[in-house]
Chemist: 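Pasting a structure below so you can have a look.
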Amino acid sequence: MSLWWFIKTLAITAFFCSLASSYDNEPLQDMCVAANDSQASVFVNGKICKDPKLATTDDFFASGLNVSGNAVPVFGIAATIVDVNSMPGLNTLGITVARFDLELQSISPLHMHPRASALITVLEGTLYAGFLASDPTNFFRSRLFSEILNPGYVFVFPQGLIHFQYNVGQKKATFLTFLNSQNPGLVMIPKSIFASEPPVPDGILAKGFQLNKTQIAELQNKFS
Ligand SMILES: *[C@@H]1O[C@H](CO)[C@@H](O)[C@H](O)[C@H]1NC(C)=O
Ligand SMILES: *[C@@H]1O[C@H](CO)[C@@H](O)[C@H](O)[C@H]1NC(C)=O
Ligand SMILES: *[C@@H]1O[C@H](CO)[C@@H](O)[C@H](O)[C@H]1NC(C)=O
């Protein structure tokens, strides 16, 4: 391996690392209240900014986190999200908050946020929550970091890592999630694998999961 090749690789890696951390920049101005105009052609971090002279207190205010949303059937989870779409003053600030309500024995299935770490705190009930990180000594394995969480407990899922929350208590569980992106993204692991459009070829899934095609078809039916 020549020194030149090494330096080039290092430079390219550094470039991509700097790109990887370049979303949700520090804002360049005091505020950038999102203007709700889909016809506008200039975008700053996703939305154009309102003229700061026209900003009002309402742009920086939201309500509704005191009540649960409607639970998604099957999973029994309800989400109420306060993000840049419902609170325009959040634009470019790199933060989103959401309230989740989990019915008894319900789960927020394995998922991850490509652009944000998620910090949760339990308000009511008891959760079993955890995330998976690759094992640095063996990349073909992972490590589970998990915890039983009671009211007031705080747990964080590092950016991009697969995680879950499960209601193990005797009543409904309520928790808040803070995400350090205005657009954290959401990848639901089972659905993204078994319910894509177009579908991943069943031969690929069968080989990847060491199952036969009948078993893959069952999973595709379950999640589509
Ligand atoms: C939630 O807050 C809103 C706004 O303050 C209020 O109108 C509503 O009555 C509250 N709901 C509950 C269940 O506390
Ligand atoms: C922005 O526009 C969308 C689509 O018309 C609408 O659903 C949403 O409520 C609007 N948001 C605000 C803060 O006005
Ligand atoms: C697929 O695997 C299941 C479980 O091992 C087995 O019961 C079934 O007969 C297999 N189907 C085919 C078509 O090989």
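Counting convention: from 1, in listed order, for ligands and their atoms alike.
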Chemist: Between Tyr166 and Gln105, do the side chains contain an N or O donor and an N or O acceptor separated by less than 3.5 Å?
Modeler: yes
Chemist: How far is atom 14 (O) of ligand 3 from its nearest protein heavy atom, and which residue and atom is that?
Modeler: Asn212 ND2, 3.2 Å
Chemist: Is at least one protein non-hydrogen atom found at under 4.0 angstrom from atom 7 (O) of ligand 3?
Modeler: no
Chemist: Show which atoms of ligand 1 fall inside a sub-4.0 Å distance from at least one heavy-atom site of Val67.
Modeler: 11 (N), 12 (C), 13 (C)
Chemist: Are side-chain heavy atoms of His113 and Leu186 found at a separation under 4.5 Å?
Modeler: yes
Chemist: At what distance is the nearest protein heavy atom to atom 4 (C) of ligand 3, and which residue and atom is it?
Modeler: Gln215 NE2, 3.3 Å
Chemist: Please find out if less than 6.0 Å separates the ring center of Tyr128 from that of Phe164.
Modeler: yes
Chemist: If we only count N/O pairs under 3.5 Å, is Ser63 in contact with ligand 1?
Modeler: no
Chemist: Between Ser106 and Asn167, do the side chains contain a donor N or O and an acceptor N or O under 3.5 Å apart?
Modeler: no
Chemist: Kindly state whether the ring of His163 and the ring of Phe131 have centres lying under 6.0 angstrom apart.
Modeler: no
Chemist: With ring pair (Phe, Tyr, Trp, His ring centres under 6.0 Å) as the criterion, how do Phe155 and Tyr153 come out once you've worked through the C-alpha distance, each side chain's angles and the decisive distance to 0.1 Å?
Modeler: CA-CA 7 Å; Phe155 200 61; Tyr153 291 21; over 10 Å; no
Chemist: Which heavy atom of the protein is the closest neighbour of atom 12 (C) of ligand 1, given with residue, atom name and distance?
Modeler: Asn66 ND2, 3.4 Å
Chemist: How far is atom 13 (C) of ligand 3 from its nearest protein heavy atom, and which residue and atom is that?
Modeler: Thr214 OG1, 3.3 Å
